[in-house]
Amino acid sequence: FIIWTGDNAEHNNYNSTQEEVYYTTRQIKNIINSNFGKDIIVYPVVGNHEVYPDDLWKPGNYKIFAELGEIYKDYFFETQAFEQFIKTGYYTELHPNTNLRIIALNCLYCDSLNSYLLGTNYEEAKAEFIWLEKTLRDAEAKGEFVYILDHFPINGHFTLYECSKRLRALVDRFDYIIRGYFSGHTHLEDISPIRRYFEPRPIININYIAPSLSTHRGGNPSFRIYTIDSNTKNIIDYTQYRMNLTASNEKGVAIWNISHLGSELFNVSDMSHIEEMTKINVEGKYILKRYA
């Protein structure tokens, strides 16, 4: 399946329209469908550039979610997920024929750059966290594993502190069933350790942060393919692809190269060895070679 982490429109911020956001989103969907077929399972996530001007979502403006929901409608295979999304921009579905629950969050309620939120009492954010806790408790009771999809990474200044605090507390409480946390937003190839909230220091999970398919911020277009254990749903490894821009421009076709495997980069047998990953020697030639 495909995790579509959002930010679909051009990042030209104040020189666009909301209709352009919808238009671009439709075009990306058409490209996905034409290359993978309409039966591919896609889990879309709302990014901060799904509103125009970006980040400036007005509380109560649910029309945006309804419009996006109509574009993504083919991707929802549970009626309740579609109905939830068009009202709130977040949803949950059980991945077909598995015990893997997908929970897709909406970052707009906790966007630290949204000045409109200064004048609210954060009712939408409260409702999302109440829903998230209930969804996690239901998954726990049913013996399901969980992947959380979000646009903003869990660590960082993008999310309002009070939201981040509650999110990290929930991830700590349910960490034994949360087998993956996937984000976007930064346009960088990245992973971020998720530490316990109620105890100091221990790393309990990894936030996998997808790079961008655009060259915004000066990076090469990139994407990842994750390998998971079908029984435990743990992330075993990921393959990082980068576009060779020079060759692609010369030949007029996208040329993708494998940049690295996650296990090779962090010198582990698989990505579940979180503590070992923090102990790699990042001095000298090793990190310089990887950076280059």
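Of the N and O atoms on the side chains of Asn220 and Ser222, not one donor lies less than 3.5 Å from an acceptor on the other residue. Residues Ser212 and His216 bring no donor and acceptor atom of their side chains to less than 3.5 Å of each other. Using modelled atom types, one finds a donor on one side chain and an acceptor on the other under 3.5 Å when comparing Asn207 with Ser183. Between Asp55 and Asn114, the side chains place no donor N or O within less than 3.5 Å of an acceptor N or O (distance only, hydrogens not considered). With no hydrogens or angles considered, a side-chain donor-acceptor pair links Asn155 and Ser192 at under 3.5 Å. Residues Asn99 and Lys142 bring no donor and acceptor atom of their side chains to less than 3.5 Å of each other. For Thr232 and Arg179, the side-chain atoms include no donor-acceptor pair closer than 3.5 Å.
Grouping the Ile, Leu, Val, Met, Phe, Trp and Tyr side chains by contacts below 4.5 angstrom, directly or via other members, places Tyr238 apart from Met243. Cluster membership check: Leu108 does not share its hydrophobic cluster with Ile130, using side-chain heavy-atom separations under 4.5 Å among Ile, Leu, Val, Met, Phe, Trp and Tyr. Phe65 and Tyr23 fall into different hydrophobic clusters, defined by Ile, Leu, Val, Met, Phe, Trp and Tyr side-chain heavy atoms under 4.5 Å apart, directly or through other members. Connection of Tyr176 to Leu167 is established within a shared hydrophobic cluster, with ILVMFWY side chains joined at heavy-atom distances below 4.5 Å, either directly or through further cluster members. With hydrophobic clusters built from ILVMFWY side chains whose heavy atoms lie under 4.5 angstrom apart, Tyr75 does not share a cluster with Leu94.
Taking the side chain as every heavy atom from C-beta outward, Phe174 and Arg137 approach each other to under 4.5 Å. Counting heavy atoms from C-beta on, the side chains of Val253 and Ser248 never come closer than 4.5 Å.
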side-chain hydrogen bond (donor to acceptor under 3.5 Å, both in side chains) between Thr25 and Asn8, worked out: CA-CA 6 Å; Thr25 302; Asn8 306 329; 3.1 Å; yes
Stepwise side chain to side chain contact (heavy atoms under 4.5 Å, CB included) test for Ile28 and Thr24: CA-CA 6 Å; Ile28 296 172; Thr24 307; 4.2 Å; yes
Trace of the side chain to side chain contact (heavy atoms under 4.5 Å, CB included) decision for Phe85 with Lys73: CA-CA 10 Å; Phe85 183 90; Lys73 190 172 184 178; over 6 Å; no
Ring pair (Phe, Tyr, Trp, His ring centres under 6.0 Å) assessment of Trp57 paired with Tyr116: CA-CA 7 Å; Trp57 173 78; Tyr116 284 120; 9.0 Å; no
Verdict with supporting geometry, Thr227 and Asp237, side-chain hydrogen bond (donor to acceptor under 3.5 Å, both in side chains): CA-CA 5 Å; Thr227 305; Asp237 211 343; over 6 Å; no
His95 vs Thr98, side chain to side chain contact (heavy atoms under 4.5 Å, CB included): CA-CA, chis, key distance, verdict: CA-CA 6 Å; His95 190 66; Thr98 72; 3.4 Å; yes
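We find that Arg168 and Asp172 are not joined by a salt bridge, their nearest charged nitrogen and carboxylate oxygen being 4.0 Å or further apart. We find that Glu189 and Arg242 are joined by a salt bridge, their nearest charged nitrogen and carboxylate oxygen being less than 4.0 Å apart. The pair Asp74-Lys29 counts as a salt bridge, with a side-chain nitrogen and a carboxylate oxygen less than 4.0 angstrom apart.
With sequence neighbours excluded, the residues forming a salt bridge (charged side-chain N to carboxylate O under 4.0 Å, His left out) with Glu123 are Lys126, listed by chain and number.
Annotation: Phe1, atom CZ; neighbour count of heavy atoms from other residues, nucleotides and ligands within 6.0 Å is above 12. Atom CG of Asn121 has more than 12 neighbouring heavy atoms from other residues, nucleotides or ligands inside a 6.0 Å radius.
Between Tyr43 and Phe77, the angle of the ring planes goes over 60°, which puts this pair in the perpendicular group of the 30/60° scheme. In this pair, Phe152 and His185 present their aromatic rings perpendicular. The plane angle is above 60°, beyond the 30 to 60° band. Below 30°, between 30° and 60°, or above 60°: for His11 and His49 the angle between ring planes is below 30°, a parallel geometry. Between Tyr241 and Phe223, the angle of the ring planes stays under 30°, which puts this pair in the parallel group of the 30/60° scheme.
For the side-chain contact (heavy atoms from CB on, under 4.5 Å) with Leu105, the qualifying choice from Ile148, Val46, Leu149 is Ile148, the only one to do so.
Nearest heavy atom pair, residue Pro211 against residue Gln240, reads CG-NE2, 3.3 Å. Taking all atoms of both residues into account, the shortest heavy-atom contact from Asp229 to Ile236 is N-CG1, 3.6 Å. When all heavy atoms of Ala139 and Ile177 are compared, the pair lying nearest together is CB-CD1, 4.3 Å. Closest non-hydrogen pair, Ile64 versus Glu50, comes out as CG2-O, 4.0 Å. In terms of heavy atoms, Val171 sits closest to Ile178 at CA-CD1, 3.9 Å. In terms of heavy-atom proximity, Trp256 sits nearest to Pro221 at CZ3-O, 3.2 Å.
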Only distances under 3.5 Å count here; give the side-chain donor-acceptor pairs of residues 156-163 to other protein atoms, sequence neighbours excluded, each with its distance to 0.1 Å.
unit_1	atom_1	unit_2	atom_2	d
Glu162	OE1	Lys165	NZ	3.1
Glu162	OE1	Arg166	NH1	2.7

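Of the possible polar contacts, none joining the Tyr72 side chain to the Pro44 backbone as a donor-acceptor pair under 3.5 Å is found. With Glu93 contributing its side chain and Glu78 its backbone, the two residues share a donor-acceptor pair below 3.5 Å. In terms of modelled atom types and a separation under 3.5 Å, the side chain of Asn106 and the main chain of Thr88 share a donor-acceptor contact. Here the side chain of Glu276 pairs no donor or acceptor atom with the backbone of Val268 at under 3.5 angstrom. Put simply, the side chain of Glu67 never gets that close to the backbone of Ile86: no donor and acceptor are under 3.5 Å apart. Put simply, the side chain of Gln84 never gets that close to the backbone of Gly89: no donor and acceptor are under 3.5 Å apart. Formation of a donor-acceptor pair under 3.5 Å by the Asp175 side chain with backbone atoms of Ile204 is not found in this model. With Thr215 contributing its side chain and Gly218 its backbone, the two residues share no donor-acceptor pair below 3.5 Å.
Atoms NE2 and CZ, from His187 and Arg217 in turn, are 7.0 Å apart once rounded to the nearest 0.5 Å. Arg224 CZ to Ile209 CD1: the interatomic distance, rounded to the nearest 0.5 Å, is 8.0 Å. Once rounded to the nearest 0.5 Å, the distance linking CD1 of Ile31 with CG of Asn33 reads 10.5 Å. Separating the CG atom in Leu245 from the CD atom in Glu250 is a distance of 11.0 Å, to the nearest 0.5 Å. Rounded to the nearest 0.5 angstrom, Phe182 CZ and Ile206 CD1 are separated by 10.0 Å. Atom CG of Asp138 and atom NZ of Lys134 lie 4.0 Å apart (nearest 0.5 Å).
Between Tyr91 and Phe82, the ring centre distance reaches or exceeds 6.0 Å. Taking the six-membered ring for Trp and the full ring otherwise, Tyr109 and Tyr122 have centroids separated by 6.0 Å or more. Tyr181 and Tyr208 have their aromatic ring centers separated by at least 6.0 angstrom.
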